[in-house]
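Here's a structure for you.
None of these values were measured; they are calculated from a predicted model.
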Protein chains: 2
Amino acid sequence: MTFPTPDRPATIADVARAAGVSVPTVSRVLTGAARVSEERRRRVERAIAELGYRPSAAAQVLASRRSNTIAIVAANTSRYGYAEAIRGVEESARAAGFVVIIVVVESERDDDVRAAADAVLRQSVAGVVVLKFDPPGVAALKALEPAVPVVALSGIPEPGVPQAVLDESEAAAGLTEHLLGLGHRTVHHVRIPPSGKEDGRTTGWRSALQRNGSPIPSIEDVSWEITTAYEIGVRLARDPAVTAIFCGNDETAMGVIRGIHDTGLRVPADISVVGFDDHPLAAMFIPALTTARQDFAELGRHGTAQLLALLNGESPLALETVEPPIAIRESTAPPRRR
Amino acid sequence: MTFPTPDRPATIADVARAAGVSVPTVSRVLTGAARVSEERRRRVERAIAELGYRPSAAAQVLASRRSNTIAIVAANTSRYGYAEAIRGVEESARAAGFVVIIVVVESERDDDVRAAADAVLRQSVAGVVVLKFDPPGVAALKALEPAVPVVALSGIPEPGVPQAVLDESEAAAGLTEHLLGLGHRTVHHVRIPPSGKEDGRTTGWRSALQRNGSPIPSIEDVSWEITTAYEIGVRLARDPAVTAIFCGNDETAMGVIRGIHDTGLRVPADISVVGFDDHPLAAMFIPALTTARQDFAELGRHGTAQLLALLNGESPLALETVEPPIAIRESTAPPRRR
DNA sequence: CTGAAAGCGCTAACAA
DNA sequence: TTGTTAGCGCTTTCAG
């Protein structure tokens, strides 16, 4: 007869022994799968508390073929939208009793995608939430798709996959129209790395321009490196045709504004700039950014809810697309002759 | 005889059967624990590839009593320093073949701390990295301490616990001295939520003031909510005695500056402000922030290295305390009479 | 309501 | 080098 020692965590057998019941009985009070007499339940609970027993998740997964782990698959974990979405998923997953593992897809290269999919699949997760914000996310989604319950978090609706989406194109169009309404002849666009051929932000911008009959300037692409935004700001400031700029996100907008600023021009007096996301610092920036609020954490929560519904075999929740409200602040104004 | 079906992932037994070898032989090629003849190894590898077999992590943990999971315990996942540290840990853990679970400690309340510790312990992780940046982190560290290998990530050295530390007090003192050197009589301090009684940033600020014989103003405390920083900025701007402010981080500095700005005063002409961390946006802000660079991702990487050394029974790595370099930019200048 | 028996997918001795 | 035999800690039949 062995006893739990500091080196050997208590097992279910230890608990059963201490409570004077059989192992399955302990299991029953643990899982609540079947009724246990009031008295034995009490004895078991006392033994659990005394021994500081914690069921082994690995053993439970193996025996029950059920998992309480959710994987978050993402190309990035620290950038604003990503981090917020992860926070939303984690919060709601934890509230539902799940543990979260985080799996990063480095790139859309086949080996990276496969490595991520392997990691997820080996962990026997209950389901996965993928941040389909970029090409690696899209690729990971494909690699995971049939093998495990998946929901995608995305900025652009797409049929087929269960998903939660934050509709970006409406807000992007709204922001563009705001600029046009101010009297700008057209609006230039600084695009952040997109999820596919094109994301909702760019799409909304273009369609607003088209509806308005405005010329469609060529797109400037930035990387996630903020200095690229800065350089584009400098470059655009030197082009007298540029009076209004729609940036793919707020960080980019700040970089662009700083670039314009270092060129001697002023925002919004000389050039208007809008961002996207309503980053916490957007309202603190000088000038405060006109932008569109994106609630990534809510997106994450919604995605988790979607996944849990899927796991329970419930009909997927209505694809609730939230339209982000626009915040008009200081970085936009009517154009002026230069 | 059963076959793997789409619903039943291939098991090691399936592989053994397909390769015409015993189960342990497959296990041997998987773990590399023992030599396998060239020919059988090849057969096994082919079978693995054909069946798309992936070993079950849960079964491996159970049987081997070894885990390839590392837990990150943190009070927050999305704020700048936290997110970057998590990124660093994840990157290096993944590079070493580990999977990362993320466990959030909501608060320092006993139930939250216990919930987090339970989650970690049930998952049979190989080890854990805790972000000891705040009271919940400190509490979690205590709760985990003897039961599992732990390393702490911290801004202030502390004996006893294996840890990686980013020494903040030196840089904080340096920043304060920079302000004093500019001619300011003293430096006010806006403190972010600290990890204990006091963090390295505050300590460094105070000791620089003391060394210089400057008066030590009372401290202003902000929450993580940026608007509190804004309000403090407004309030400090109205106090003519305030000519220089040391903020606990860059976001706070931006909020404070914005508050000062809305009051009609200018930074740095009327008041100098320094931040801390060198947030990616610090250099883009107008005025660009004078601040101290903190490499949180590197801290995370270092913590993982520390943990892996611990797991391998190696002597803990030298407690390498990185002193963050100071970046002097636009938000600081000599005082002027007001 | 309860316990005995079997087994989840894998690794760890142990012989051969 | 290889296979056989035992479990790892838990849940799940299945009797009773």
By side-chain contact (heavy atoms from CB on, under 4.5 Å), which residues pair with A:A85, not counting sequence neighbours?
A:L131, A:F133, A:L153, A:F296
Basic-acidic side-chain contact under 4.0 Å: B:E298, B:R301
yes
Non-neighbouring partners of A:R54 that pass side-chain hydrogen bond (donor to acceptor under 3.5 Å, both in side chains), sequence neighbours left out
B:D118
In whole Å, what is the span from the CG atom of B:N68 to the C1' atom of C:dC10?
13 Å
Using the closest heavy atom to pick a nucleotide of DNA chain C for each, name whichever of A:V23 or A:R65 lands nearer the 5' end.
A:V23
Between the two end axes of the helix from C:dC1-D:dG16 to C:dA16-D:dT1, each built from 5 base pairs, what angle do you get to the nearest 10°?
30°
With a 4.0 Å heavy-atom cut-off, tell me which residues in residues 54-62 of chain B come close to DNA chain D, sorted by residue number.
B:L62
Residue mapping more 5' on DNA chain D - nearest nucleotide basis, B:V21 or A:I12:
B:V21
Residues that A:S64 engages under side-chain contact (heavy atoms from CB on, under 4.5 Å), provided they are two or more places apart:
A:R66
Once side-chain hydrogen bond (donor to acceptor under 3.5 Å, both in side chains) is applied, do any residues pair with A:R40, and if so which ones, sequence neighbours excluded?
none
With a 3.5 Å cut-off and sequence neighbours excluded, list the donor-acceptor pairs that the side chains of residues 110-117 of chain B form with protein atoms.
unit_1	atom_1	unit_2	atom_2	d
B:D110	OD2	B:R114	NH2	2.9
B:D111	OD1	B:R109	NE	3.3
B:D111	OD1	B:R109	NH2	3.1
B:D111	OD2	B:R109	NH2	2.5
B:D112	OD2	B:S107	OG	2.7

Could you pull out all residues at least two apart from A:R79 that satisfy side-chain hydrogen bond (donor to acceptor under 3.5 Å, both in side chains)?
none
Check this for me, if you would: do A:E84 and A:R87 make a salt bridge, where the nitrogen-to-carboxylate-oxygen distance has to be below 4.0 angstrom?
yes
From CZ of B:R17 over to P of D:dG3, roughly how many Å is that when rounded to an integer?
14 Å
For A:A71, the side-chain contact (heavy atoms from CB on, under 4.5 Å) test, sequence neighbours excluded, returns A:I101, A:V120, A:V125, A:V128
Tell me, please, which residues at least two apart from B:A13 pass side-chain contact (heavy atoms from CB on, under 4.5 Å).
B:T11, B:R17, B:V23
B:E45: partners by side-chain hydrogen bond (donor to acceptor under 3.5 Å, both in side chains), with sequence neighbours left out:
none
Heavy atoms within less than 4.0 Å of DNA chain D: which residues of residues 27-44 of chain A have one? Give them sorted by number.
A:S27, A:R28, A:T31
Atom pair distance, as rounded to whole Å: CZ in B:R122 and C1' in D:dC10:
11 Å
Closest to side chain of B:S64, choosing from C:dT11, D:dT11, D:dT4:
C:dT11
B:G20 or A:R66, whichever maps to the more 5' nucleotide of DNA chain D:
B:G20
